[in-house]
Each structure stands twice: as structure tokens, then as C-alpha cells.
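Written out below as C-alpha cells is the structure these notes cover.
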Amino acid sequence: MPELPEVETMRRGIQPHLQNQRILGFDLREHRLRWPIPESLRRQLPGCVIRKVRRRAKYLLIDTDQGSLLLHMGMSGSLRILPNRTPAMAHDHWDLQLASGQCLRFRDPRRFGATLWIDSPGNSHPLLDKLGPEPLSDEFHAGQLFEKSRGRKVAIKNFIMNSRIVVGVGNIYASESLFMAGIHPSRQAQRISKKRYAALTQAIKEVLQKAIEQGGTTLRDFQQQDGQPGYFAQQLKVYGRDGKACPVCGQAIRKQVIGQRSSYYCAACQR
DNA sequence: CCGGACGCCTGTCGGC
DNA sequence: TGCCGACAGGCGTCCG
């Protein structure tokens, strides 16, 4: 489910509730996620004081004075801030009990998400080692994207969804960015000029930034920490709109499977 | 190294 | 109404 804007929306939503909070308990109900949740967290987390909540790619890092919780939402993960002891529903896998009387609750029906522990402040994790630049940072720019694309025959949509190239661009925002830049999603990465990479870089930054401002995209079940949806779905130009009119030229939007993922584009506007 | 396919899970939706 | 396959916002791993 969540791409970078949704994860960033979660970070902003939970951060004020977590900052400087002492952790009282960790109620673990289901440890079978993508990787098993360490049972040791039951004793390691109580007593920790949360410093801040960071995001790297689609990961959230809850930094404490003892170490960091590393979270990933997979396809269906979500976080809520609730009063302690709110009855748990199916797929509510754990609660982090806070001294404030609230808890952070992790829900993930498909269990593709992750909850891991980095056991010392300042340490990293192998999952974070080979990630490319943050798309909204200055390290992500046209020159960098162009250089990495030389000799790459892969479809441009797969290329920008590759987290070694740039992080945070998932299936929705890949289609939207390519539409904005006028690039056909199955074009080979090596067959795109530097000038067009400049347009694509700008499009990725703009789409992600706008989506963050709207609180992310709610297609079916994405919720912010307070239960509110994100409102960027109203601004999607092509994603999920096959058969409908292109907002620029009116031609019907097409759907094509690229790299096992549905892709949406306008054959007239994108080449 | 690169590119493509697979599998991990549950829920929902459309068609018959 | 019920069943069944297709599909869903991610990504590490494996194979050629």
C-alpha cells in the first residue's frame, strides 16, 4: 500500500504523539510478518524513551535512547494512535504502550510489513545499506539519474521503481510521474535523453511533494494515524483510470502490465 | 552485473 | 446467493 508520501504522512502524524515518550510496554500478538518480530522486544522496549521518528525510503525509524525500531508497511500496513487498551481487531499485530496513556498500534492484514530492531543508537541495518537517494533531496537530480541509466535496457517504469536508483517511488507515483514527464512507461532507460531525465526528475519531486501535501493517496484502505484518508486520489491523472479520457488530450488511457505491475499511460502524450 | 519471475499473505471485487 | 480466479499501494531472493 504505502509509497513514500503515505509513509511520510504517517511519520508526521505519529511523531508529535511519540516524541519524548517513555515506552511502558510492547504488546505483541502476531510475530509472523515478512521477518519474525524479535520476541526480545517485549523486554527491550519498556523503559526506552523515544527521541524522534525518521523516514528513510519507505521505512520508518523510531529512534529511542537504546536503539531504533525499524518499520515497513509492506502492502497493507498502517499505524494508529489510540488510547491504551483499545480492544484489538484482527490483524492488529502489536501495540506500543506509551506513558501518555496512548499507544501506537500496527495493523497489517497481508503481513508483508516488517518490525525489526536496531540495537544501538546511530547504528544502521542491512536493509538500509544499498538504498539510492531520497527523491526529495538534492542528491536526486537529472545528472545522477541519467548516468545510472546508461546501458540499462530495463523499462523506465521499473528503473524508477528500483530502490537502488531512487527510493520511495511505487506503482502509483511511477505512473503519475511518467505521465507528467511525457515518457512512455516501457521505454528503455538507456534510450531517454538527459533533457527528458530533467523533466522526469522534476515530475517525481513534484508528484511526491503534492501527494505529501494532500496526506497521501487513499485508494481503498490507507488511513492516517487518526483514521483520516489521504486526498491525493482526486488528483491522479492516469493511475487506475484505464479507458477514461486523458486529462490533457482526451484519448483513452491505457493499461499495460510492465514488470508484473499494472501501468497506466496515455499513448498520445507519452512516448 | 543485469533483467525477469516468484513468493510471501489476506481481502475484495467482478463474472458466471 | 455462492464460488473462483484475478488482482492489490512492496520487495528480497533466485535463476539464467
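As a basis for the values below, the full set of heavy atoms in this structure was taken, side chains included, without hydrogen atoms, waters or symmetry mates. Residue numbers start from 1 in every chain, and the chains themselves are labelled A, B, ... in the order their sequence lines are given, proteins ahead of strands.
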Select one nucleotide: of dG11(B), dG3(B), dA8(C), the one nearest the side-chain heavy atoms of K153(A). dG3(B)
Whole-Å P distance, dG12(C) and dG11(B): 24 Å
Stacked pair F222(A)-dG9(C), distance under 5.5 Å, angle under 30°: no
Tell me, yes or no, whether the heavy-atom count around R164(A) atom CZ, taken from other residues, nucleotides or ligands under 6.0 Å, exceeds 12. no
OP1 or OP2 of dG9(C) under 4.0 Å from side-chain N/O of Y239(A): yes
When rounded to the nearest 0.5 angstrom, what is the spacing between CZ in R254(A) and NE2 in H184(A)? 7.5 Å
To the side chain of H91(A), which of dG10(C), dT10(B), dG3(B) is closest? dT10(B)
Distance (rounded to the nearest 0.5 Å) between D221(A) CG and M75(A) CE: 10.0 Å
Per R152(A) side chain, nearest of listed nucleotides dG10(C), dG3(B), dC7(C): dG3(B)
Under-3.5 Å donor-acceptor pair between R220(A) side chain and dA8(C) base: no
Is there a donor N/O on one and an acceptor N/O on the other, under 3.5 Å, for the side chain of R111(A) and the base of dC9(B)? no
Pairwise P distance for dC9(B) and dC14(C), with rounding to whole Å: 16 Å
Would you indicate, yes or no, if dC11(C) has its OP1 or OP2 atom less than 4.0 angstrom from a side-chain nitrogen or oxygen of K58(A)? yes
Nearest whole angstrom, please: distance from the C1' of dA8(C) to the CZ of R261(A). 8 Å
Under 3.5 Å, is there a donor-acceptor pair linking the side chains of Y265(A) and S186(A)? no
Please tell me if the side chains of S149(A) and I192(A) come closer than 4.5 Å, counting only heavy atoms from C-beta onward. no
Residue R110(A), side-chain heavy atoms: nucleotide from dG10(C), dC6(B), dC9(B) that is nearest: dC9(B)
Which nucleotide in the list dG12(C), dA5(B), dG9(C) gets nearest to the side chain of Q260(A)? dA5(B)
Go ahead and write out DNA chain B as dot-bracket, 5' to 3': ( ) for pairs within the strand, [ ] for ones crossing earlier pairs, | when the partner sits on another strand, dots for unpaired; Watson-Crick or G-U wobble, both distances under 3.5 Å. .|||||||.|||||||
Going by the rule side chain to side chain donor-acceptor pair (under 3.5 Å), which residues pair with Q19(A) if we only count those two or more places apart in sequence or in a different chain? Q15(A)
Would you say whether F112(A) stacks on dC9(B)? The test is a distance between ring centres of less than 5.5 Å and an angle between planes of less than 30°. no
Which of dG4(B), dA8(C), dG9(C) is nearest the side chain of S262(A)? It is dA8(C)
Would you classify F159(A) as touching base, sugar-phosphate or nothing, given that sugar-phosphate means primed atoms plus P, OP1 and OP2, and contacts are heavy atoms under 4.0 Å? nothing
Near D138(A) CG, under 6.0 Å, is it more than 12 heavy atoms from other residues, nucleotides or ligands? no
